[in-house]
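The structure appears right after this line, and notes come after that.
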Amino acid sequence: MDSRITLVEGDITRQRVDAIVNAAKESLLGGGGVDGAIHRAAGPELLAECRTLGGCPTGEARITKGYNLPAKWVIHTVGPVWRQGGANEDALLTDCYRSAFALAARHGIRSIALPSISTGAYRFPIERAARIAFSEAEKHLAGNDQFKSVVFVLFGAKAYEIHSSVHARLAGSARER
Ligand code: ADP
């Protein structure tokens, strides 16, 4: 795996990076989980800017300023709700990461922090989501020197452990190739 990809356990709202990614709802009008935490930390101006965007379909992304956050930007993407795997969930989650990285690239963002999209209220199986997240990050970084750091911020010890073992497995299988 690309050494610019790292994992930390913590709260994404505290990350000192150019952009943090939000696992938002289609309305972009705030919610629970990481979305609620980001809105609380950024302050009410974030919601005011989100209201001007007119929502965001699942798999796409939108960018706003970070207001009171240490991060300058927030990239809002809408993950799929897990429906037993028959509703294009893998492709939609892939699209989220792809859309977020594409927006970041267009805005000259060099460091980005991401949560584990869809694995909270939207119930996407966490290992499966981690594989998608890492492989999309890896694809995006290949041949791209704009990004200096991609930090996956895992909320809680269990999420961190699961992501670490998926990361180690992917790194191991990449070495064997
Ligand atoms: P979704 O609706 O996409 O599932 P959630 O916010 O419910 O979004 O959960 C997405 C992931 O974000 C979960 O793994 C959850 O544990 C994690 N999470 C919640 N709060 C934070 C936070 N402050 N920083 C980073 N990750 C968080």
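Counting from 1, the numbers follow the sequence of the chain as shown. Reckoned from all heavy atoms, side chains included, excluding hydrogens, waters and symmetry mates.
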Which side-chain N or O atoms in residues 73-82 pair as donor and acceptor under 3.5 Å with protein atoms at least two apart or in another chain?
{"unit_1": "His76", "atom_1": "ND1", "unit_2": "Asn22", "atom_2": "ND2", "d": "3.2"}
{"unit_1": "His76", "atom_1": "NE2", "unit_2": "Thr64", "atom_2": "OG1", "d": "2.9"}
{"unit_1": "Thr77", "atom_1": "OG1", "unit_2": "Glu60", "atom_2": "O", "d": "2.8"}

Could you list the donor-acceptor pairs under 3.5 angstrom formed by side chains in residues 150-167, with sequence neighbours left out?
{"unit_1": "His163", "atom_1": "ND1", "unit_2": "Ala159", "atom_2": "O", "d": "2.8"}
{"unit_1": "Ser164", "atom_1": "OG", "unit_2": "Tyr160", "atom_2": "O", "d": "2.9"}
{"unit_1": "Ser165", "atom_1": "OG", "unit_2": "Ile162", "atom_2": "O", "d": "3.1"}

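Remark: side-chain polar atoms of Asp18 are paired, donor with acceptor, to backbone N or O of Ser111 under 3.5 angstrom.
One finds the CD1 atom of Ile109 at 11.0 Å from the CD1 atom of Ile20 (value rounded to the nearest 0.5 Å). For the atom pair Lys65 NZ and Lys72 NZ, the distance stands at 10.0 Å (nearest 0.5 Å). With rounding to the nearest 0.5 Å, the separation of CZ in Arg51 from CG in Leu28 is 11.5 Å. Rounded to the nearest 0.5 Å, atoms CD1 (Ile132) and OG (Ser116) are 10.5 Å apart. Rounded to the nearest 0.5 Å, atoms CG (Leu170) and OG (Ser135) are 7.5 Å apart. Taken from OG in Ser149 to CG in Leu141, the straight-line distance is 9.5 Å, to the nearest 0.5 Å.
Applying the side-chain hydrogen bond (donor to acceptor under 3.5 Å, both in side chains) test to pairs two or more places apart or on separate chains, those with a residue in residues 124-134 are Asp90-Arg128, Glu127-Arg169. The ring-ring contact (aromatic ring centres under 6.0 Å, His included) contacts involving residues 32-53 comprise nothing, where partners must be two or more places apart or lie in separate chains. The salt bridge (charged side-chain N to carboxylate O under 4.0 Å, His left out) analysis of residues 34-47, with sequence neighbours excluded, yields no pairs.
Contacts of Glu26 classified as side-chain hydrogen bond (donor to acceptor under 3.5 Å, both in side chains), with partners at least two apart in sequence or in another chain: Thr58. Legend: residues meeting side-chain hydrogen bond (donor to acceptor under 3.5 Å, both in side chains) with Asp11, ordered by chain and number and at least two apart, are Thr13. Considering only residues two or more places apart in sequence or on other chains, Asp2 meets the salt bridge (charged side-chain N to carboxylate O under 4.0 Å, His left out) condition with Arg4. Scanning for side chain to side chain contact (heavy atoms under 4.5 Å, CB included) contacts around Ala168 gives an empty result, with sequence neighbours left out. Residues that satisfy the salt bridge (charged side-chain N to carboxylate O under 4.0 Å, His left out) test with Lys139, not counting sequence neighbours, are Glu136. Considering only residues two or more places apart in sequence or on other chains, Arg16 meets the side chain to side chain contact (heavy atoms under 4.5 Å, CB included) condition with Pro70. Under the rule for a side chain to side chain contact (heavy atoms under 4.5 Å, CB included), the partners of Ala91 that lie at least two apart in sequence or sit in another chain are Asn88.
The cluster map of Ile, Leu, Val, Met, Phe, Trp and Tyr, joined by side-chain heavy atoms under 4.5 Å apart, puts Ile12 and Val17 in the same cluster. Follow the hydrophobic side-chain contacts under 4.5 Å out from Phe124 and you reach Leu114 in the same cluster. No path of Ile, Leu, Val, Met, Phe, Trp and Tyr side chains, each step under 4.5 Å between heavy atoms, connects Leu47 with Val34, placing them in separate hydrophobic clusters. If you chain together hydrophobic residues whose side chains sit under 4.5 Å apart, Tyr67 and Ile38 fall into the same group. In the hydrophobic clustering of ILVMFWY residues, with side-chain heavy atoms under 4.5 Å counting as a link, Ile117 and Leu92 come out apart.
Residues Gly59 and Ser99 come closest through the heavy atom pair O-OG, 2.7 Å. Nearest heavy atoms, Pro115 versus Tyr97: O-OH, 3.5 Å.
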Would you check, one step at a time, whether the test side-chain contact (heavy atoms from CB on, under 4.5 Å) holds for Gln15 with Val8? CA-CA 10 Å; Gln15 300 295 311; Val8 298; 4.2 Å; yes
Show your reasoning for whether side-chain contact (heavy atoms from CB on, under 4.5 Å) applies to Thr94 and Arg98. CA-CA 6 Å; Thr94 302; Arg98 205 175 279 161; 3.3 Å; yes
Tell me, with the steps shown, if Phe101 and Asn144 meet side-chain contact (heavy atoms from CB on, under 4.5 Å). CA-CA 11 Å; Phe101 281 117; Asn144 175 334; over 6 Å; no
